[in-house]
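Here the structure is laid out as structure tokens; the discussion comes afterwards.
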Amino acid sequence: VVLHNRKITSLAREGRIEDARQVFDKMPKRTLFLWSSMIGGYVRQGNYGEALSLYEVMEEKGVEPDRSLFVWVLKACSQHGGGLEKGKKVHDRIVSVGFESDVLVGNALIDMYGKRGDLKNARLVFDKMAQPDVVSWTSMIAACVQKGQTGEAFGLFRRMQAEGLKANSVTVTSMLPVCANLRDLKRGKEIHGYIIRGDFEDNVFVASSVLDMYAKCGHLKNARQVFDKMPHRDVVSWNAMVATYAQKGWHKEAQELFHQMQLDGIEPDVISWNAMIAGCAQNGQGDDALKLFCQMQQGGIRPNAISISSVLPACAHLAALQKGKEIHGYVFRSGNKDDVIVASALVAMYGKCGSLKDACRVFEKASERDTIAWNTMIGAYAMHGHGEKALQLFYEMELTGLKAN
RNA sequence: AGUCCCGUUAAGUCUGCGA
């Protein structure tokens, strides 16, 4: 038994979770420690479903969990589809065994609710905490950011500092994208100042988000300066810089960096390619966008929904119906036909390429329609001189409860 | 027989209509 215990823990840690499971299943008496090793092992390798079902079995057997097990289980809930309901049950269990006041467990709860989009419950846990720490505050901020509650995020950021807690590198990397998206240079600079004072500048995450904040606020020089000063750059740092130039239409600079990153030993990923494609497509270089779309596949990178919705406007711009149809074929083959954004991009492409019929077909078959999808279809009708049909669709849209913008 | 390590928050970058 002792040997088996050792074996399971070491296998689980090495990531050979299935081997560990085989031994585990044969054990007659399984201690909490063993359950934790197994569940933790599954979580670490991203098999959240298995982690959760193992946890349920454990509860059925009447094994009492401890705090760290709850942290593992909550992490699984935070990542797993449909984890919110399970997470709530786990929360009840935590309350029943009296662990809700534990900071680590509380933080994991906030994180879980935040990631699953349940801001109310995240807040409830947070407000009940006697001594929220930096992680608690940061998790709460991240939850607000994810829900688009930017004012609330700023409020929390200020309050945490007023209460004497210091924001760390994680806190600022959660806040900077908010400044970037709001183009709030003033607050972005304030946070940058704080970063310099706190000596977080060399953190890759921090530097990349500072870079992106300046770029989105239109200060390309500052962005480039931050990029050049980085002691370490990873694929995200390069992507942020490439995307900046690409989006501005500075193709030469973008291409240069795209090339240089490879010389630096960083292989472009799907995001790097997408940034390049979008840059060309949005700046009148439709041909190049299409070329890049082919090249990325030759390079072994599978285009995703974003790649497709980036390249389709290039077909629209070139009125390249045939190319557009080819990409439509790819949408099916790659399993992206249920993506709302891809569907709108297809509708727009067909509309602009003169095939209203195809545009309608895609729109009607779409599994989901948001305001932009409706707008696109209405625009296509209007463009083809069907004003009445456009108006009719507009009313239909309002009947679905969507608001015009 | 594990108590070192690992395990809670950020990971930052790309996308559709129109303006």
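Lettering of chains follows the sequences in order, A, B, ..., and the numbering in each one begins at 1. Reckoned from all heavy atoms, side chains included, excluding hydrogens, waters and symmetry mates. All values derive from a computational prediction rather than experimental measurement.
- When the C1' atom is used for both B:G2 and B:G7, the distance is 14 Å, rounded to whole Å.
- Checked by distance alone, A:D370 brings a side-chain donor or acceptor within 3.5 Å of a matching partner on the base of B:G16.
- Residue A:S209 is in sugar-phosphate contact alone, with no base atom involved, counting any heavy-atom pair closer than 4.0 Å across all strands shown.
- For A:K216, no side-chain nitrogen or oxygen approaches OP1 or OP2 of B:G12 to under 4.0 Å.
- For A:N203 and B:U9, the CG to P distance is 16 Å, given to the nearest whole Å.
- If you measure from atom CE of A:M349 to atom P of B:C17, you get 12 Å, rounded to the nearest angstrom.
- Between the side chain of A:S309 and the base of B:G16 there is no donor-acceptor pair of N/O atoms closer than 3.5 Å.
- Here A:S237 lies in heavy-atom contact (under 4.0 Å) with a base.
- B:U13 and B:C17: their C1' atoms are spaced 24 Å apart (whole Å).
- Among the heavy atoms of the strands lying under 4.0 Å from A:V204 is at least one base atom, whether or not backbone atoms are also near.
- Between A:H386 and A:H384, the angle of the ring planes lies from 30° to 60°, which puts this pair in the tilted group.
- Counting non-hydrogen atoms under 4.0 angstrom, A:D234 reaches a base of the nucleic acid.
- Across all strands shown, A:S344 has heavy atoms under 4.0 Å from base atoms, whether or not it also approaches the sugar-phosphate.
- Among the atoms of the strands shown, base atoms are found under 4.0 Å from some heavy atom of A:V236.
- Nucleic acid contact for A:V340: base, since at least one base atom lies under 4.0 Å from a heavy atom of the residue.
- A:Q146 comes within 4.0 angstrom of nothing in the nucleic acid, heavy atoms only.
- When the side-chain nitrogen and oxygen atoms of A:K352 are compared with OP1 and OP2 of B:G18, one or more of them lie within a distance under 4.0 Å.
- Whole-Å rounding puts the A:M27 CE to B:G2 C1' distance at 13 Å.
- One donor-acceptor pair, N or O on each side, does fall under 3.5 Å between the base of B:G7 and the side chain of A:S68.
- Here A:W374 and A:F363 bring their ring centres to under 6.0 angstrom of each other.
- We find that CG of A:N239 is positioned 12 Å from P of B:U15, with the value rounded to whole Å.
- Here A:N107 lies in heavy-atom contact (under 4.0 Å) with a base.
- In this pair, A:H192 and A:Y214 present their aromatic rings perpendicular. The plane angle is above 60°, beyond the 30 to 60° band.
- Note that A:R93 lies outside the cation-pi zone of A:F70, set by a 6.0 Å cut-off to the ring centre and a 45° limit from the axis.
- Once rounded to the nearest 0.5 Å, the distance linking OG of A:S174 with CD1 of A:I141 reads 7.0 Å.
- OP1 or OP2 of B:G16 sits under 4.0 Å from a side-chain N or O of A:Q282.
- By the 4.0 Å N-to-carboxylate-O rule, A:R21 lies close enough to A:D25 to be salt-bridged with it.
- Taking atom CG of residue A:D339 and atom P of nucleotide B:U15, one finds them 14 Å apart after rounding to whole Å.
- The interatomic distance linking A:M383 (CE) with B:A19 (P) rounds to 10 Å, in whole Å.
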